[in-house]
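Only one structure is covered here, and it is reproduced in the block below.
Start at 1 with the first residue, then count along the sequence.
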Amino acid sequence: MHTEFLMGNAAIARGAIAAGVNLVAGYPGTPSTEALETVAKYRTQDTYVEWSVNEKSAMEVAAGAAYSGARTLVTMKQVGLNVASDPLMSLEYVGVKGGMVILVADDPGPISSQTEQDTRHYSYFSKLPCFDPSSVQEAYEMIQEAFDFSEKYSTPVFFRPTTRICHAYASIEVKDEDEYVHHQADGFKKDTSRWVIFPRLSYANHKKIEARNVELSGVFSEYSRNSCIPEKGIYAEQENGSSSKESHPVKKGIAAGGISLALTLDNLNDAADAPRILKVATPHPFPEQLAVRFLEGLDEVLVIEELDPVIEKELIYIAGKYHLNVTVRGKLTGDTEAAGENSPNLVAGYLDRFLERTPAKKADLPAPPPIPVRPPVLCAGCPHRASFYAVKTAMKGKKTIFCGDIGCYTLGNAMPLDMVDTCLCMGAGINIAQGVFRTEPDTSAFAFVGDSTFFASAITGIVNAVYNQAEMTVIILDNSTTAMTGHQPHPGTGRTMMGEVVSKVSIEAILKGIGLEFVETVNPLDLEKAVDTVKRASEQKGVKAIIFKSPCIAIVKPDKALAIDQDKCIGCKRCIKEIGCPGIVINDGRVCIDPGLCTGCGLCAQLCPVKAIGATGGDGK
């Protein structure tokens with residue numbers, strides 16, 4: 001063993017490697033992305049890693065390997081589990097042979113997601129065990145145990161860190177390489193009574209699953225990660241009878257899991273008095289007998305958890321089942337917030353009110369300086385800005401709808417572009433545009449989708465549009481990477497996570513193969529040509545596609561920064577008002593270009609009515 005300073009996702013990945021993982025598949029999505037990338041960086045020769053085209057594919061690839069006895073890890077964010085839910089729900093009824101851990105990172109807040117959905121519900125829904133780490137060290141150790149539980153009970157298991165576990169850093173104890181498990185898959189053994197799902201098999205396995213989860217509830221009640229932390233101070237005196245009932249009439253306890261537990265323990269760590277605490281590391285199957293032992297003798301319990309009241313509802317159920325006269329407080333009673341992530345200050349407030357403590361005196365600090373408002377925007381030089389502007393210019397004055405999607409280009413909704421009218425989930429814009437067209441045939445429907453999202457979830461929508469004779473224009477924003485999550489490769493890049501150079505999958509060839517007759521590829525930074533292409537596409541019948549192809553500025557070397565000739569500039573501010581590039585600023589009342597941000601894309605130069613912008617080499621002042 002040795003000590004390393006690791007991010008939570010890196011610790012999870014290193015734990016999986018130490019557990020002998022043979023295959024890792026996933027789809028990038030914050031806050032889960034770094035887990036797979038870390039496995040790719042530190043993997044042993046026994047480990048295969050891939051970014052799959054989407055979460056469903058990743059789940060099925062991992063299932064096939066687990067059928068063959070391999071230890072597998074699937075990685076995704078919480079909304080990605082929706083995509084993978086089809087194989088997930090059937091997979092539990094079939095089971096696995098090798099250990100299979102499904103890492104789903106939840107995003108309280110949300111910080112970078114569409115929803116605050118809680119994966120613990122999926123655990124109940126799919127009947128899969130769920131592991132919920134409360135620290136970086138525990139995440140490293142727990143994922144190794146998760147593989148063991150998965151193999152012992154022949155079931156996939158959930159591993160559910162949240163953002164503040166995934167992205168926290170800590171110095172932790174990790175295994176040396178000679179301590180790693182080296183797991184060898186014994187291969188797929190044909191057995192149609194096990195691997196081919198039929199109603200009769202599902203019925204029989206359903207009964208086994210229910211019995212197994214009852215057993216696991218007992219096992220998890222003795223699992224070391226679940227625990228009942230004893231009272232101290234006046235709460236301990238109250239428990240052993242040495243404190244008068246009048247001085248402390250109500251016996252109280254706290255229940256928590258995940259990062260909320262860490263925040264609770266941090267708050268109470270130095271306190272002389274602390275109530276009994278239930279640590280829940282496996283929200284499903286719930287450690288029922290441990291919870292009964294925790295609840296016995298208590299009058300009130302405060303549950304501190306993020307997202308939904310999962311632990312709270314379990315304790316309410318158990319209190320009723322065992323006729324325990326205890327009041328359970330939390331989200332359902334309004335004692336904790338119904339939405340958003342927990343913070344140290346928020347948890348301190350919950351504890352102050354519940355334990356009737358005097359709030360800690362705030363430090364007398366000077367007022368902080370005002371923070372400038374910095375809304376998220378597309379990067380300076382981002383080719384998506386040019387793509388949106390070309391479409392906006394071409395369709396000016398016409399009745400249109402611009403359906404967006406998930407990715408950097410969602411930021412096209414910001415002013416002054418204002419080019420995203422809808423955004424739901426990955427690939428949805430393609431089908432939403434069709435729905436609007438069916439309702440309002442006189443609307444020119446556009447759907448924007450990125451190159452990675454095209455492969456992940458847009459192709460079926462385009463097939464649907466062609467088959468059902470829709471009228472729409474699909475705009476593929478091809479920047480040759482999966483930019484928003486950290487520039488991961490995808491089928492169109494010609495690179496894999498194993499470092500292999502492979503044939504690029506052609507978006508244009510796919511579109512033509514589907515049956516589109518109008519498919520054109522154009523550089524969006526050639527504004528005149530891009531606008532003309534959009535105009536011609538909009539005049540065509542049926543489903544049309546334009547591929548705006550230009551690389552993300554983060555993966556190519558920038559050109560020389562442009563500058564403004566102040567002698568020519570008339571101060572119209574068209575370059576600011578129409579494209580909103582953060583590299584164009586106003587200094588001392590004059591429009592200038594920030595050379596530290598400008599990539600030399602040239603879009604603003606094409607807009608300037610007096611040709612005042614160019615590669616002059618000056619600073620624009």
Point to revise | Under 3.5 Å donor-acceptor, Q137 side chain and E173 backbone | key: yes

Practice item. Return yes when atom CD of E177 has more than 12 non-hydrogen atoms of other residues, nucleotides or ligands closer than 6.0 Å, and no otherwise. Key: no

Exercise for review: For atom CG of D178, decide whether the heavy atoms of other residues, nucleotides or ligands shown that lie under 6.0 angstrom number more than 12.
Suggested key: yes

**Study point:** Distance-minimising heavy-atom pair for G29 and T33
**Key:** N-OG1, 3.0 Å

Exercise for review: Please lay out, stage by stage, how E305 and K331 fare under the test salt bridge (Lys or Arg N to Asp or Glu O under 4.0 Å).
Suggested key: CA-CA 9 Å; E305 58 188 323; K331 294 176 181 291; over 6 Å; no

Check your understanding: Between R293 and E222, is the closest basic N to carboxylate O distance under 4.0 Å?
Key -> yes

Review point. Do the side-chain N and O atoms of Y124 and E314 include a donor-acceptor pair separated by under 3.5 angstrom?
Key: yes

**Study point:** Contact summary for P489 and T482, nearest pair of heavy atoms
**Key:** O-OG1, 4.1 Å

Point to revise | CZ on F147 to CE on M142, rounded to 0.5 Å | key: 14.0 Å

Review point. Will you find, in the side chains of S113 and K77, an N or O donor that is under 3.5 Å from an N or O acceptor?
Key: yes

Check your understanding: Between R276 and E231, is there a side-chain N and carboxylate O pair less than 4.0 Å apart?
Key -> yes

Revision key, fill the gap. Heavy-atom nearest pair, I12 first then A139, reads CG1-CB, 3.8 Å

Check your understanding: Does any non-hydrogen side-chain atom of L290 lie less than 4.5 Å from one of C228?
Key -> yes

Review point. Between R14 and V39, does a side-chain contact (heavy atoms from CB on, under 4.5 Å) hold up when you go through it step by step?
Key: CA-CA 7 Å; R14 296 285 290 277; V39 174; over 6 Å; no

Check your understanding: L91 and V96: side-chain contact (heavy atoms from CB on, under 4.5 Å), yes or no, with the steps?
Key -> CA-CA 8 Å; L91 186 57; V96 294; 4.3 Å; yes

Practice item. List the steps, then state whether salt bridge (Lys or Arg N to Asp or Glu O under 4.0 Å) holds for R164 with E341. Key: CA-CA 9 Å; R164 299 304 176 183; E341 66 172 343; 2.7 Å; yes

Review point. Is the closest side-chain donor-acceptor distance between D107 and T163 under 3.5 Å?
Key: yes

Exercise for review: Could you tell me whether the side chain of H490 and the main chain of G492 form a donor-acceptor pair under 3.5 Å?
Suggested key: yes

Review point. Which atoms form the tightest heavy-atom contact between R212 and P129, and what is the distance?
Key: NH2-CD, 4.0 Å

Point to revise | Charged tip of R160 within 45° of F131 ring normal and under 6.0 Å | key: no

Point to revise | Side chains of E37 and W51 in contact at under 4.5 Å (non-hydrogen atoms) | key: yes

Revision key, fill the gap. Here the gap from C581 atom SG to L597 atom CG, rounded to the nearest 0.5 Å, amounts to 7.5 Å

Review point. Just by distance, do the side chain of N54 and the backbone of A456 share a donor-acceptor pair under 3.5 Å?
Key: yes

Exercise for review: For the residue pair Q289 and S217, confirm or rule out a side-chain donor-acceptor distance under 3.5 Å.
Suggested key: no

Check your understanding: Taking the side chain as C-beta and beyond, is there a heavy-atom pair between L315 and V303 under 4.5 Å?
Key -> yes

Review point. Around Y169, counting heavy atoms of other residues, nucleotides and ligands shown, do more than 12 lie under 6.0 Å from its OH?
Key: no

Point to revise | Y223 vs E145 side-chain heavy atoms within contact, under 4.5 Å | key: yes

Study note, to complete from the structure: Closest heavy-atom pair, I143 versus L73, reported as atoms and distance to 0.1 Å, is CD1-CD1, 4.2 Å

**Study point:** Heavy-atom donor-acceptor pair, E179 side chain to M1 backbone, under 3.5 Å
**Key:** yes

Check your understanding: Is there a side-chain contact between I229 and L265, using heavy atoms and a 4.5 Å cut-off?
Key -> yes

Check your understanding: Cation-pi between K252 and F354: NZ/CZ under 6.0 Å from ring centre and within 45° of the ring axis?
Key -> yes

Check your understanding: For N342, does its backbone N or O pair with a side-chain atom of E306 as donor and acceptor, under 3.5 Å?
Key -> yes

Practice item. For the residue pair R357 and N267, confirm or rule out a side-chain donor-acceptor distance under 3.5 Å. Key: yes

Check your understanding: Does L307 reach the side chain of D106, with side-chain heavy atoms less than 4.5 Å apart?
Key -> yes

Exercise for review: Check the surroundings of atom NZ in K313: do more than 12 heavy atoms from other residues, nucleotides or ligands lie under 6.0 Å from it?
Suggested key: no

Check your understanding: For residues Q488 and T485, is any side-chain donor paired with an opposing acceptor at under 3.5 Å?
Key -> yes

Review point. Under the criterion side-chain hydrogen bond (donor to acceptor under 3.5 Å, both in side chains), which of S57, S452, S52 is the partner of Y27?
Key: S452

**Study point:** Flag side-chain contact, heavy atom, 4.5 Å: V74 against M100
**Key:** yes

Exercise for review: State, without any angle test, whether N82 and Q117 hold a side-chain donor-acceptor pair at a distance under 3.5 Å.
Suggested key: yes

Practice item. Nearest 0.5 Å please: distance from the OG1 atom of T481 over to the CG atom of D451. Key: 7.5 Å

Exercise for review: First locate atom CE of M59, then atom CD of E55, and finally report the distance between them rounded to the nearest 0.5 Å.
Suggested key: 9.0 Å

Review point. Could you walk me through whether R329 and E312 pass the salt bridge (Lys or Arg N to Asp or Glu O under 4.0 Å) check?
Key: CA-CA 7 Å; R329 300 186 180 281; E312 184 179 355; over 6 Å; no

Check your understanding: Any side-chain donor paired with an acceptor under 3.5 Å for S134 and E138?
Key -> yes

Point to revise | Side-chain donor-acceptor contact under 3.5 Å, N226 with T282 | key: yes

Point to revise | Distance-only side-chain donor-acceptor flag, H183 / D46, under 3.5 Å | key: no

Review point. Just checking, any donor-acceptor pair under 3.5 angstrom between side chains of Y67 and T72?
Key: no

Check your understanding: Would a distance-only check, ignoring hydrogens and angles, find a side-chain to backbone donor-acceptor pair under 3.5 Å from T453 to M426?
Key -> no

**Study point:** Test item: side-chain donor near acceptor, Y122 and Q78, under 3.5 Å
**Key:** no

Practice item. Hey, can you tell me if Y153 and F149 have their rings parallel, tilted or perpendicular (30° and 60° cut-offs)? Key: parallel

**Study point:** Rounded distance (nearest 0.5 Å) linking atom CZ of F158 with atom CD1 of I102
**Key:** 5.0 Å

Review point. Hey, what do you get for CD (Q114) to SG (C423), rounding to the nearest 0.5 Å?
Key: 6.5 Å

Exercise for review: Taking the side chain as every heavy atom from C-beta outward, state whether I254 and V301 have any atom pair closer than 4.5 Å.
Suggested key: no

Practice item. Report the C-alpha separation of T155 and E92 in whole Å, then their side-chain angles, then the decisive distance to 0.1 Å, and conclude whether the side chain to side chain donor-acceptor pair (under 3.5 Å) test is met. Key: CA-CA 6 Å; T155 178; E92 173 64 331; 2.7 Å; yes

Check your understanding: Between the main-chain N or O of S550 and the side-chain N or O of D478, is there a donor-acceptor pair closer than 3.5 Å?
Key -> no

